[in-house]
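Naming: A, B, ... by sequence-line order, numbering from 1 per chain.
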Protein chains: 2
Amino acid sequence: MIIYGVAMKVRQLTFRLLQVYADVVRTGSLTATANRLHLTQPTVSQQLKRLREIVGEPIVRHEEGRLVPTEVGQALYQLSQDLLSRADVFSQYLEEYNRGGRGHFSIGLVNTAQYVLPRLLGPFGQANPQVDVTVEIGNRQQMLNRFERHEDDIYVFSHPPIDDDVLAAPFLSNPLVVVGPQHYRWAGVEGLSMDALKEERFLLREPGSATRHTFEAWLYSAGIELRSTQQIASNEAIRLAVASNMGLAVLSRHVVADSPNGVQELPLPGFPLKSRWHFVVRRQRRLPPAAIRFLSYVQASLAQAFDEPEGEMAVAELLQALKPER
Amino acid sequence: MIIYGVAMKVRQLTFRLLQVYADVVRTGSLTATANRLHLTQPTVSQQLKRLREIVGEPIVRHEEGRLVPTEVGQALYQLSQDLLSRADVFSQYLEEYNRGGRGHFSIGLVNTAQYVLPRLLGPFGQANPQVDVTVEIGNRQQMLNRFERHEDDIYVFSHPPIDDDVLAAPFLSNPLVVVGPQHYRWAGVEGLSMDALKEERFLLREPGSATRHTFEAWLYSAGIELRSTQQIASNEAIRLAVASNMGLAVLSRHVVADSPNGVQELPLPGFPLKSRWHFVVRRQRRLPPAAIRFLSYVQASLAQAFDEPEGEMAVAELLQALKPER
DNA sequence: TATAGTCATAGATGATTATCTATGGGGTGG
DNA sequence: CCACCCCATAGATAATCATCTATGACTATA
């Protein structure tokens, strides 16, 4: 952009000057303006003088004891009003932004978490229509990569990465259960054990998956080795495969919880495997106010919507740890 | 939550800061901006810092070696663009105003002058559609009152008021002639003299009129006393009255010059009485650029449109006298 | 014409700004 | 791992700003 320095010394123009000038035009008196703005009359007089120098043209004249804007002064007054009100709009936007009622944040979800997060994000979005949330979804490994690159504001992991910079709040239990087809032959049998099922075919998620990793860790510690496995990349596909008698699987109870879906949970000793979802943020990262607001919202609704008072506590601590960042 | 009365320190906001910031966003580099604006890199860095303090929020962040505006920064950038371009529009307006191509001025005309001024104001208005001219009309006395009160930018008098502050440029001759009805019985008679006509009824303008005043002064110096007079307040009414055989009159030749109008000029010794119209301005008054432009325009067109080279000179001098006022 | 109110100007003084030079820290690409 | 950009910070300085108090000029109005 080419700047024409000729007509007006824009560089020296200050919003303060415009504020004072606008008030002078409104009151028609330097003294009045001085009082209203808690200044002395000479101060206002000098401000006017300087503004006139910036504009390069007289902007007010005396008329019947009042100060009246000249033709140029009127145009300048309109400009002032215009500019000041626009700056004010921006200021209000800033306030809204700081309150978290407006703006944007991004959250990265491990695949399985997408079965529960909507229950938090949905109502939050309803209550904060001006907030724009980007939801990233991937398996554990993909989310770890994003985390490494600081790509998102908040993450949800069942097993948070270990790092000094990490703040993690376990907010919701994520029980892993063994599921089989609706009319599975072992259904109802007492004393069923995993050892008895090791000959069955198990459908597993891909290696990067946390669900798979947790299950395999448990198998290892229990000294069990599976005979037959098959890899399927999504929880939903696994659920459908189980329903179709293709095998058994270990899934988050949240995946199978809702509605009749052709699968059933098998009561096995040692199950459900306990795990929890964590909100994970970097201690050092300055979260957008909207993200803070979301976490606050989560904290408030956890107890009632999910009956997870412990989660509420954990989120409260997380928020606390983030506050002094200011 | 703490409520901050002001989200942004608007008072300290400068257009300079916005200019610099806008350029930083465009180039994505402090160094580049520093070069473009002929500053050093630390200067730009500090400006950015100050702007951030004013806004109270980070406005840029590093990303792949570039500086990228944050969410708030983007909003601020838009604001900057907006404000700067508006200031620029005003600046352009100022330029136009100073060139006289835009704006307003007022001119006060003595009644008789309204017969010729349109021939100047008309074309000027055509050539400068953005200039808004207020034309005030009245008889000499009324115009003198306006002059005293500094109500107009320019005046047209045939006899300028005497005042140290007055600048007057005689720009056009205003011959006063004796007129009678079209078929007046003395028409064509050689050696006709005013002395012979003093028994006729003369139609005169009101006492404040300059035309009347000039005529009466001439009568006085010639030692002639009229027998019968009648007062009529407008030139036009007088012309019609003369055409209707109600008497004779002394009028500006400009009043009777155009078109067949039922009156004729009577050739009398001593006539036409010489007088001139003057543009009159106050030396001390700062004329709006538009008024200056009008006078310049008049100067340029006098010679060709009216064949009055002397008037051209006089107006040129007037303009000259006004110039150092800056 | 005296009085009060309103502006303008002068002089003084911290505070803030606009800049510069010098220097240090962090990445990026060889 | 080194050289090279790029940015941030420190320190310095002249200019400008934001203010104030004191005072003078001008203008209505009592």
Checking all strands, does A:R66 fall into the base, sugar-phosphate, or nothing category for heavy-atom contacts under 4.0 angstrom?
-> nothing

Base, sugar-phosphate, or nothing for A:T14, non-hydrogen atoms under 4.0 angstrom?
-> nothing

Side-chain donor/acceptor contact of B:Q46 with base of D:dT9 under 3.5 Å | no

B:R16 side chain to B:Q47 main-chain N or O, any donor-acceptor pair under 3.5 Å?
-> no

With sequence neighbours excluded, tell me which residues meet salt bridge (Lys or Arg N to Asp or Glu O under 4.0 Å) with A:R146.
-> A:E136, A:E151, A:D152

Does [N] have its OP1 or OP2 closer than 4.0 Å to a side-chain nitrogen or oxygen of [X]?
X     : N      : result
B:S45 : D:dA8  : yes
B:S29 : D:dC7  : yes
A:T40 : D:dT19 : no
B:R61 : D:dC7  : no

Going 5' to 3' through nucleotides 24-30 of chain C, assign each nucleotide B (protein heavy atom under 4.0 Å from a base atom), S (under 4.0 Å only from sugar-phosphate atoms) or - (no protein heavy atom that close).
-> -------

B:L287 vs B:L295 side-chain heavy atoms within contact, under 4.5 Å | yes

Decide yes or no for A:F294 and A:I107: does some side-chain heavy atom of the first lie under 4.5 Å from some side-chain heavy atom of the second?
-> yes

Identify, between A:Q12 and A:Q41, the residue whose nearest nucleotide on DNA chain D lies closer to the 5' end.
-> A:Q12

Between [N] ([atom2]) and [X] ([atom1]): distance, integer Å:
X     : N      : atom1 : atom2 : result
B:L51 : C:dT16 : CG    : P     : 18 Å
B:R11 : D:dC17 : CZ    : P     : 16 Å
A:I59 : C:dC7  : CD1   : P     : 14 Å
B:F15 : C:dT17 : CZ    : C1'   : 17 Å
A:L13 : D:dC17 : CG    : P     : 11 Å

For A:E96, side chain to side chain donor-acceptor pair (under 3.5 Å) partners two or more places apart | A:R99

Under 30°, 30 to 60°, or over 60°: which ring-plane class applies to A:F279 and A:F171, parallel, tilted or perpendicular?
-> parallel

How are the rings of A:Y155 and A:F157 set to each other: parallel, tilted or perpendicular (split at 30° and 60°)?
-> parallel

cation_pi(B:R282, B:F147) dist<6.0 Å, angle<=45 | yes

For the side chain of [X], counting heavy atoms from C-beta on, which of [options] is nearest?
X     : options               : result
B:H62 : C:dT21, C:dC7, D:dC7  : D:dC7
B:L39 : D:dT19, C:dC20, D:dC7 : C:dC20
A:L30 : C:dC7, C:dT9, D:dC7   : C:dC7
A:P42 : C:dT9, D:dT19, C:dC20 : C:dT9
B:T43 : D:dT19, C:dT19, D:dC7 : C:dT19

